[in-house]
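By convention here, the first residue in the shown sequence is residue 1.
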Amino acid sequence: MTTTATPVTSTSSSPAPAYNPKSESTTAKRIKSAIFHIIALALVAMVLYPALWMITSAFKPNSEIGGANNALWSNNFSFDNFATAMEGIGGVSTLTFFTNSLILAVGAVVGTVLSASISAYAFARINFPGRGLFFGMMIATLLLPFHVVIIPQYIVFQQLGLVDTYVPLLIGKFLAADAFFVFLMVQFMRGLPAELDEAARIDGAGHVRIFGSIMLPLMKPALISTSIFSFIWSWNDFLGPLLYLNTPEKYPLPLALRLFVDQTQSSDYGAMIAMSVLALLPVLVFFLVFQRYIVEGVSTQGLKG
């Protein structure tokens, strides 16, 4: 008897896809990145909104600023505020205010760069008795608020007959009174090889030659960073000119902006905002041109010890 085997047909299902932890990890990273960018954009919008409002308000009619209509955009687009701002106020032209601010800012930059770099070279490269003590005392002045010395300084300048001049606002810049900039340059110089000084001394160079021919060219990032901060701080300074200047013809822009606000009569906020936009342009241009040196001068070698 012959038996024939019946072939057994096996039905096999397709294999289940293998678990890929890498794909899940990539998806989670994308979600986290998207959430991070959304939060970052929201924070940027919050930070930039006041600046955007100021720019758009410069083109609004004065009646739409500070009233019930607080919309960001206005249908009544006009350059009247800029025309009023350029006319000046109190019989003084806007060009005069700009010139005064420029004199103070440029003078502050020149004085700070010269005095801070020379003082920093003395602290970083010259061994003299009491160097550590004097350097510590200079750093301690960073903890002293400006408001503490307002009255004594004003009395001194008043007795010297220097009130209503630019001398009280600039003399400290030429005397290395800004300890922050001196400290910045000291730390930068300490990061430079001491062998450069030794090689220059072997060739017969003195401190003046070493400072002018070796240190200054290598300190370019720190010098530009100092110039940027000094320019911006001086350009925006309000309290100093308010204390020492009495004549409107000598006012810088921060004081000139205050003249547009009159609490007894109608204040021209539109012209004030338009002048604020114009006053912001030099600082913005100055910063954009030299911004790459800030990171190089402060975040890298500028903080080496």
Side-chain angles (χ1 to χ4, degrees), residues 48-109 146-147 150 153-154 157-158 161-171 173 230-288:
L48 295 182
Y49 179 82
L52 181 61
W53 182 89
M54 181 184 69
I55 294 174
T56 57
S57 297
F59 300 95
K60 294 180 181 179
N62 201 29
S63 58
E64 296 185 10
I65 300 176
N69 183 13
N70 291 321
L72 185 62
W73 305 101
S74 174
N75 295 326
N76 300 319
F77 190 87
S78 174
F79 288 94
D80 293 341
N81 292 330
F82 288 95
T84 304
M86 292 305 298
E87 293 176 358
I89 191 170
V92 183
S93 65
T94 301
L95 182 60
T96 301
F97 297 133
F98 266 91
T99 303
N100 296 338
S101 290
L102 193 62
I103 292 173
L104 291 174
V106 173
V109 170
F146 172 72
H147 307 82
I150 285 179
Q153 284 184 354
Y154 185 86
F157 288 122
Q158 185 182 41
L162 298 176
V163 175
D164 200 24
T165 67
Y166 292 154
V167 175
L169 302 174
L170 294 177
I171 190 172
K173 311 297 182 183
S230 181
F231 183 89
I232 294 175
W233 293 353
S234 178
W235 185 272
N236 296 329
D237 186 20
F238 177 82
L239 183 58
L242 179 65
L243 290 174
Y244 295 109
L245 299 180
N246 302 322
T247 306
E249 287 78 7
K250 298 179 182 179
Y251 283 177
L253 279 172
L255 289 186
L257 292 174
R258 185 63 181 82
L259 296 178
F260 284 99
V261 181
D262 187 357
Q263 299 300 329
T264 60
Q265 300 177 1
S266 59
S267 300
D268 197 346
Y269 292 107
M272 181 182 67
I273 295 175
M275 184 177 284
S276 299
V277 173
L278 295 176
L280 182 63
L281 292 179
V283 177
L284 184 62
V285 171
F286 193 83
F287 177 80
L288 291 177

Legend entry - Residue pair Tyr244, Lys250: steps toward the side-chain contact (heavy atoms from CB on, under 4.5 Å) verdict: CA-CA 10 Å; Tyr244 295 109; Lys250 298 179 182 179; over 6 Å; no

Inset, instruction - Check the pair Leu162, Ile171 against side-chain contact (heavy atoms from CB on, under 4.5 Å), reporting the backbone distance first and the verdict last. - result: CA-CA 11 Å; Leu162 298 176; Ile171 190 172; 5.8 Å; no

Inset, instruction - Evaluate side-chain contact (heavy atoms from CB on, under 4.5 Å) for Tyr251 paired with Thr96, printing each intermediate quantity in order. - result: CA-CA 8 Å; Tyr251 283 177; Thr96 301; over 6 Å; no

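The two residues Pro248 and Phe97 come nearest to each other via the heavy atoms O-CE2, 3.5 Å. Taking all atoms of both residues into account, the shortest heavy-atom contact from Pro282 to Phe98 is CG-CE2, 4.3 Å. Taking every heavy atom of both residues into account, Leu102 and Trp235 meet most closely at N-CZ3, 3.8 Å. The shortest non-hydrogen separation linking Ile89 to Ala256 is CG2-O, 4.5 Å. Between Asn81 and Lys60, the shortest heavy-atom contact is ND2-O, 2.6 Å.
A distance of 6.5 Å separates CE in Met275 from CG in Leu253, rounded to the nearest 0.5 Å. Taking CD1 of Ile273 as the reference point, atom CE of Met54 lies at 8.5 Å (rounded to 0.5 Å). Separating the CH2 atom in Trp233 from the CG atom in Asn236 is a distance of 11.5 Å, to the nearest 0.5 Å. To the nearest 0.5 angstrom, Thr56 atom OG1 is 7.5 Å from Tyr49 atom OH. Between atom OG1 of residue Thr99 and atom CD of residue Glu249 there is a gap of 13.0 Å, rounded to the nearest 0.5 Å. Atom CZ of Arg258 sits about 10.0 Å away from atom CG of Leu255, to the nearest 0.5 Å.
Partner of Pro254 under the side chain to side chain contact (heavy atoms under 4.5 Å, CB included) criterion, out of Ser276, Pro241, Ser101: Ser101 alone.
Classification of the Phe59-Phe82 ring pair by plane angle, with boundaries at 30° and 60°, yields tilted.
In terms of modelled atom types and a separation under 3.5 Å, the side chain of Ser234 and the main chain of Leu104 share a donor-acceptor contact. Counting only distance, with no hydrogens or angles, the side chain of Lys173 and the backbone of Gly107 share no donor-acceptor pair below 3.5 Å. Remark: side-chain polar atoms of Asp164 are paired, donor with acceptor, to backbone N or O of Asn246 under 3.5 angstrom.
Judged as a side-chain hydrogen bond (donor to acceptor under 3.5 Å, both in side chains), and not counting sequence neighbours, the contacts of Tyr166 are Asn100.
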